[in-house]
Amino acid sequence: MRTESSNHIVDHLFRHEYGKMVATLVRNFGLENIELAEDVVQETFIKALRAWRSQIPKNPKAWLYRTAKNHTIDLLRRKKIVQNYKEHVKDQNNFIEQVETSFLDHEIQENQLRLMFAICDPSIKKADQIALGLQLSCGFSIKEIGQALLLHPETVKKRVQRAKKKLKESKALLHMPKGNALKERREIVLQILYLIFNEGFYSNSTTQKIRRDLCAEAMRLTKLLCEHRFTQTSSCAALMALMCFHASRIDSRVNDQNQIILLQDQDRSKWNTSLIEVGHFYMDQINLDEAPSIYLVEAVIAAEHCKTEAYGSVNWDLLELLYSQHYTITNNPLSLLNKAVVLMEKKEYRYAIEHLQSIELSSIHGSQHLYYAVKAEIKGRLGLIEQQIKYLEMAINLAQNQSDVALLKRKLGDCSL
Amino acid sequence: MKDFMLIFQGPDYEKIGLSPEEVQLQMEKWFAWVAKLQAANLYKGGEALHPHGKIVTSPNVVSDGPFAEAKELVGGYFIVTAQDYEQAIQIANDFPDFKYDGKVQVREVVDFSQV
């Protein structure tokens with residue numbers, strides 16, 4: 001029972017503010033004191049849990065930051081922070097001013113970006129960067145990350161600790177990289193956000209809520225990058241557009257039983273048209289004179305799917321071109337697999353089979369079931385039902401994800417009818 | 001109607017390690033509880049207490065808290081009105097922190113006008 005008046009806090013307020021607050025405190029304490037920053041934020045939240053019980057403050061966010069800031073000043077005053085910080089403070093007697101500055105609204109945003117760039121240190125493994133990013137920037141707990149990425153909490157914990165150790169060893173203060181370092185890290189930041197989004201969009205074994213949260217977090221941070229002068233590149237805008245186009249169909253991708261609904265069977269009236277519009281807004285920010293990023297190619301593919309009223313009216317010629325380009329950029333055999341699907345839709349079955357045959361099976365480990373599923377579909381369309389059944393069975397044996405297995409079994413059921 | 005004081009003991013939030021989402025969820029349960037009592041006109045007031053404090057054993061003889069095992073620590077109180085203990089206990093049943101090992105002391109406030 002919730003009354004309209006003062007009893008509502010913004011959804012995910014704590015999770016969202018967590019990342020920003022940790023980043024702001026790390027800026028004050030230095031990267032080697034990440035854990036101290038996390039502790040202070042945790043304590044601030046607990047204080048809120050006690051103090052807001054019977055009355056929520058008028059501006060909960062301001063309350064959180066004020067409390068954290070006072071705690072920060074208190075800690076620095078008691079000289080609990082290691083020497084490193086003080087060396088960087090120009091006027092050692094006037095650190096309060098520096099703390100105050102770091103807590104200004106636009107600085108808080110800046111801090112959050114800086115922390116993301118710090119996490120995307122090239123010497124930290126991708127998997128570890130994702131885990132730490134989800135924890136520090138998105139405020140997910142170890143348990144929640146495990147649920148989202150389908151990993152054992154112990155595994156998540158190890159990854160987070162490994163990444164943290166690297167950051168602490170750097171003993172750096174939080175700053176924005178410059179020049180080539182900025183370019184290099186910017187790409188990694190985009191990759192990490194892309195991976196987090198994909199985890200949310202494609203992983204079918206977790207709950208719809210967690211999937212949506214992952215996508216929303218990735219989009220929130222990508223939007224932040226799109227708005228910052230150092231990071232608003234064409235590939236960033238393309239990634240944001242891609243996320244918008246995909247997210248517009250997140251509700252129609254699975255049914256109530258958590259089963260995948262194929263693109264051609266989705267209820268297009270459920271697609272979020274305003275998100276598609278936002279996607280096109282970001283597409284307009286892209287400088288087309290630059291070499292297209294992988295995100296742009298994927299965004300155009302996704303836009304093509306969002307644009308068409310019915311699956312049958314998709315521009316397959318355009319998609320064939322796009323997947324060729326996708327393969328040129330990524331050298332990823334899965335783009336050939338996608339191209340084979342397009343060729344199949346164009347009824348160029350022989351050409352489609354040739355594409356499939358050019359794929360090294362060992363190079364698509366983990367996705368081999370898709371290879372056989374596509375092969376089965378082509379055979380089916382050629383009326384070779386026996387072969388279709390054979391390949392579907394191979395696909396089912398190789399599929400690891402339960403909803404994939406369910407989908408393939410449904411297909412197999414349709415064959416024998 | 002009589003006044004009852006609900007005294008909240010524990011939990012030790014610092015030790016539980018709640019995630020940001022869990023903090024928010026827990027807080028919303030507190031809001032919902034207070035809102036429900038206010039809607040039924042049963043809530044008269046309440047405060048939360050800082051976990052640390054002082055103990056004065058005789059004039060100017062002061063020691064620092066904490067006073068007891070953290071899980072016994074009084075974290076706050078509500079004053080509610082209820083017909084009798086039965087209803088007061090009904091109210092206490094909605095205490096959001098049972099799942100974190102918190103507990104509620106229910107005590108009737110003495111009404112001196114009736115003594």
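Every chain is numbered from 1, with letters handed out A, B, ... down the list of sequences.
Annotation for B/Lys44: atom NZ does not count as buried by contact number, only 12 or fewer foreign heavy atoms lying within 6.0 Å. The environment of NZ in A/Lys166 is sparse: at most 12 heavy-atom neighbours from other residues, nucleotides or ligands sit within 6.0 Å. Remark: A/Arg212 CZ is loosely packed, at most 12 non-hydrogen atoms of other residues, nucleotides or ligands lying under 6.0 Å away. Under a cut-off of 6.0 angstrom, the local environment of CG in B/Asn93 is crowded, with over 12 non-hydrogen atoms contributed by other residues, nucleotides or ligands.
Put simply, the residue from B/Leu18, B/Val23, B/Leu25 that forms a side-chain contact (heavy atoms from CB on, under 4.5 Å) with A/Phe14 is B/Val23.
For B/Gln24 and A/His12, the side-chain atoms include no donor-acceptor pair closer than 3.5 Å.
Proximity to chain B (any heavy atom under 4.5 Å) is restricted, for A/Glu144, to the side chain, taken from C-beta onward. For A/Phe45, the parts lying near chain B are the backbone and the side chain together; criterion is any non-hydrogen pair under 4.5 Å. Proximity to chain A (any heavy atom under 4.5 Å) is restricted, for B/Asp97, to the side chain, taken from C-beta onward.
Note: B/Phe8 CZ to A/Arg53 CZ = 6.5 Å, rounded to the nearest 0.5 Å. Rounded to the nearest 0.5 Å, atoms CD (B/Glu47) and CZ (A/Arg50) are 14.0 Å apart.
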Step by step, would you call A/Trp52 with B/Trp30 a side chain to side chain contact (heavy atoms under 4.5 Å, CB included)?
CA-CA 9 Å; A/Trp52 299 6; B/Trp30 278 94; over 6 Å; no
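Between A/Lys143 and B/Glu21 there is no salt bridge, since no side-chain nitrogen of the basic residue lies less than 4.0 Å from a carboxylate oxygen of the acidic one.
The heavy-atom pair separating B/Ser19 from A/Ser141 by the smallest distance is CB-CB, 3.3 Å.
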